[in-house]
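The next block holds one structure in the form of structure tokens; read it before the comments.
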Amino acid sequence: MSWIDVGHIDDIPLRGARLVKTPAGCVALFRTSEAEVFAASDTCPHKGGPLSEGIVHGRSVTCPLHNWVFSLETGAAQGADEGQIPTYEVKLEEGRILLDTAALSARAAA
Amino acid sequence: MTQKLIVIGAGMATGRMLETLVEQHADFDITLFNAEPRGNYNRIMLSPVLSGEKTYAEIVTHDDDWYTASGITCRFGERIAGINTAAKTVTAENGDVLEYDKLVFGTGSNPFMIPLPGHDLEGVIAYRDLEDTQRMMDLGEGNKVVVIGGGLLGLEAAAGMAARGVDVTVVHIMDHLMERQLDEAAGYLLRRALVDKGITVKCAANSKEILGEKGKVRALLLDDGTELPCDLLVMAVGIRPNIKLATEAGLAVGKGIHVDDQMVTSDADILAVGECVEHQGAIFGLVAPLYDQAKVAAQTLMGQEAAFVQKELSTKLKVTGCDLFSAGDFAEGETREDIVFRDPARGVYKRLVLENNVVVGAVFYGDTTDSNWFFGLIRDKTDISDMRETLIFGPNMQGGEVDPLQAVAALPADAEICGCNGICKGQIVEAIEGGATTLADIKAGTKASGSCGTCTGLVEQVLAVTLGDDFVVPAAASVCGCTELTHEDVRRLIKSQGLKSQDAVWQQLAWSTPNGCHVCRPAINYYLIADWPLEYQDDPQSRFVNERNHANIQKDGTYSVVPRMWGGITTPDELRAIADAADKYNVPTVKVTGGQRIDLLGVRKEDLPAMWYDLNKAGMVSGHAYSKGLRTVKTCVGTDHCRFGTQDSTGLGIKLEKLLWGSWTPHKVKLGVSGCPRNCAEATCKDVGIICVDSGYEVSVAGAAGMDVRETELLAKVPTEEEAIAVTTAYIQIYRENAKYLDRGYKWVAKVGLDWVKEQVVDDLENRAALVARFELSQSIYRNDPWAEHAAKADAYQPLADLTLEAAE
Ligand SMILES: Cc1cc2nc3c(=O)[nH]c(=O)nc-3n(C[C@H](O)[C@H](O)[C@H](O)COP(=O)(O)OP(=O)(O)OC[C@H]3O[C@@H](n4cnc5c(N)ncnc54)[C@H](O)[C@@H]3O)c2cc1C
Ligand code: SF4
Ligand code: FES
């Protein structure tokens, strides 16, 4: 594990998302409640919609292009749709967001 | 030979009587007089009209077509001034003298006005008819009202006005509210619920004087010296049977007009029904017995045998969120025992009063689901010794049954289901056996659930029990999977319960998800903005990406940017600025849109703020080409250049766009203004289209040229530009206030009917002005440029962090 501080939770709007550029492509950080952040791919497996621009509800996000819904916990598409987005380890320490870049570069290498 | 029947008063009682006569083809030549300038409507539904849950049109029980088809001569807005019983004639206000063979009184009651000093000031009203209701509805947010009287009527008036944002104080002389129907505990719970709705309640308060200024009410002065300022004072302290005319005609009267069991007065050719009647010493103030009287009167007129019998009555308060039921007698007494159940956490209180193993009274607050069953016990004087232990838990706990359907199945045929109309289970079952399969069929066939509607659930259960699997409780499409409520329900509840945040909606309306989903969130966000423009703060995270980023997202994740060009007019400078922006941000495509604006397609998200900044600097603002809001106003060149133009269509288009821009609406709104009927701006397929003609402006609405193609329908023809603008604004506001989210104007108009819209925004000038005022109020917050705001938050459009460099290290 190699945790990197990417910003403060308040930099992400409540029930919104921000992007982090990584060697493995754009990762979206989703904030679902006052103190909960998830990290997942920004790219919708359907037609590549930017998931960080979707509406975040509960612990899910709806793609803005054609309304596929993904669980932010598992990355699995919900309902009738099939698909999966990669999710990444992220943790909060005193409001700072720490992202596990080891996994990210590992993925890039693989 | 056809007899002449004259009916005085088109109220709820005579309405029901006429229906019976017409249904049975009684041979009468009927003339109906009414002091109110309209025919029969459901007076008890004035409260839902006041609170905004229903419209007047929805509570009309008999429309013009019905009177015409029934051959009834209507003289609405005309009072009967006198009766000559010897000559058998009546005299109308205008002096007309009409002969009758039979005469029916249905004059209702007069609201009682306490003769306090100042009671005749302008702005002191009762709560009785549509005019009173309209006065209260016209008040508008922030105004102050004092209601004297904490009974059924006063509280419904107070709750209705509070739902409209009026500052309401209820002054009640007794120690607790509705003291005639409720005991103290229930009164307390009710009071708490009203206070939660923002209503101030003063009990044990004695009114001393109504203070005025220039002939208009200013405040209410209490005994203890308190002054309660108000713009309107509503007195709801009781009613008195309206017997003046009967007394003058020499009929026998006491508190009301004396009638026998056949509803005949002391004059054999004159009958009386409704609140104006006194029967065996009793007078009446609820519709259930009046409907019985009406039926008896009709039968008497037709020479059939019938007799009116007084029955137990129950009371319900029609205030959303205050479930309350009371029936029978709940006074304490030596021989009486109480069973009381309290659940303070849920705000539930139930009390039964027993005497000799029979339930004689019941008061429920907070949970009234079983009230009909208890009411049945009271009415039938059922011996309850066997179920005493579990009685308070209702029918489900008796005999181990837990299914409400089984409880309904177990009801005897003569159990009353609809109190207002006195319809028993047996009659409903009969209707079902006769082919009725839906609630609407039952309503049409038996009238059950047709009045106050509180028994709708029960009627559905009878349907379910009788039809078995063939009956599916009709679920109107709900907003989304997070709730069972429909859009219409949610809109109504947001208003009536004063919900002003998304959290309040999720909480109060029992959403099944923690914070909604992508379907309901934008809708709720819109409803809150539309209903509470000053109080609710927009939530960008509940908006679709386009509205959040103030540009249209394209399939590759880039955006398109459209600056506003007021009325389609631009300048060389603006064009240069657009061209410069296109160069600077590498815009691959520049396109002229169908709405006469210029679209810059293919902009990267990161570049949006800088581009907005540049366009702002050149004097341009967002064109909202992405919004559920006002988009474009397309115009032709009009009188400026065109040889056909009759008016300045371009100028009007610019005015409208400057007025309406920035407003959020249920769906997108596009306008067109053409200078003459050649219609070069294609105005007749827009949400609002205006065609200028020599004599003025034709404003038409509900057109579309998208997935559906629709021609607009004429809303109004007006002589001045000013009026064209007012009608347009009022139309957009009424659409904003009523339509379901994502219904285009044409879909919404198809639902409510163009006639209703006309009544509201064309005929009713006061209402038009109020709509315009509410629109402007909202615009005082929302008429601003989102680009300017967001250019300042450019950071948020950049990635939060860039790890590509670190990883390379
Ligand atoms: C706001 C409100 C809420 C209510 N809620 C409920 C409820 O929830 N449940 C319930 O059971 N009851 C309720 N009531 C009471 C119910 O509405 C009345 O009991 C019922 O309307 C009385 O019917 P009616 O036909 O006797 O008189 P009305 O419906 O009052 O009709 C009488 C008509 O006669 C006309 N008239 C009078 N004098 C003359 C004349 N000289 N010439 C011509 N016309 C004349 C009047 O203009 C009036 O239109 C409510 C009443 C009000 C005002
Ligand atoms: S609509 Fe009439 S006034 Fe306008 S450009 Fe066309 S012809 Fe001219
Ligand atoms: S691209 Fe995400 S749902 Fe189609």
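Sequence lines set the chain letters: A, B, ... in the order given, protein chains first and strands last, and positions in each chain run from 1. Treat the numbers as computed from the prediction; the structure is a model and nothing was measured.
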Note, A/I55 side chain near B/R548 side chain (heavy atom, < 4.5 Å):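 Touching, per the 4.5 Å side-chain cut-off.
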N/O donor-acceptor pair under 3.5 Å between B/N515 side chain and A/G58 backbone: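 Yes, because the side chain of B/N515 sits within donor-acceptor range (under 3.5 Å) of the backbone of A/G58.
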Partner residues of B/T513 under the side chain to side chain contact (heavy atoms under 4.5 Å, CB included) criterion, sequence neighbours left out: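 B/T513 satisfies side chain to side chain contact (heavy atoms under 4.5 Å, CB included) with B/C482, B/W511 once adjacent residues are dropped.
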Interface moiety of [X] toward chain A, non-hydrogen atoms closer than 4.5 Å:
X: B/D795; answer: backbone
X: B/K555; answer: backbone
X: B/L800; answer: both

Heavy atoms of other groups near B/Q507 CD, more than 12 under 6.0 Å: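 Check fails, neighbour count at 12 or below.
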Within 6.0 angstrom of B/Y613 OH, more than 12 heavy atoms from elsewhere: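 No.
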Interface residues of residues 6-22 of chain A facing chain B - non-hydrogen atoms under 4.5 Å apart: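 At a heavy-atom separation under 4.5 Å, chain B is reached by A/V6, A/D11, A/I12, A/P13, A/L14, A/R15, A/G16, A/R18, A/L19, A/V20, A/K21, A/T22.
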Under 4.5 Å from a heavy atom of chain B, the part of A/V61 involved: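 Neither part.
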Those residues of residues 516-536 of chain B, ordered by number, that approach chain A below 4.5 Å (heavy atom to heavy atom):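 When heavy atoms of chain A are the reference, residues 516-536 of chain B contributes B/G516, B/C517, B/H518, B/R521, B/P522 within the under-4.5 Å range.
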Results of ring pair (Phe, Tyr, Trp, His ring centres under 6.0 Å) for B/Y797 - residues two or more places apart only: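 Result, ring pair (Phe, Tyr, Trp, His ring centres under 6.0 Å) vs B/Y797: B/W612.
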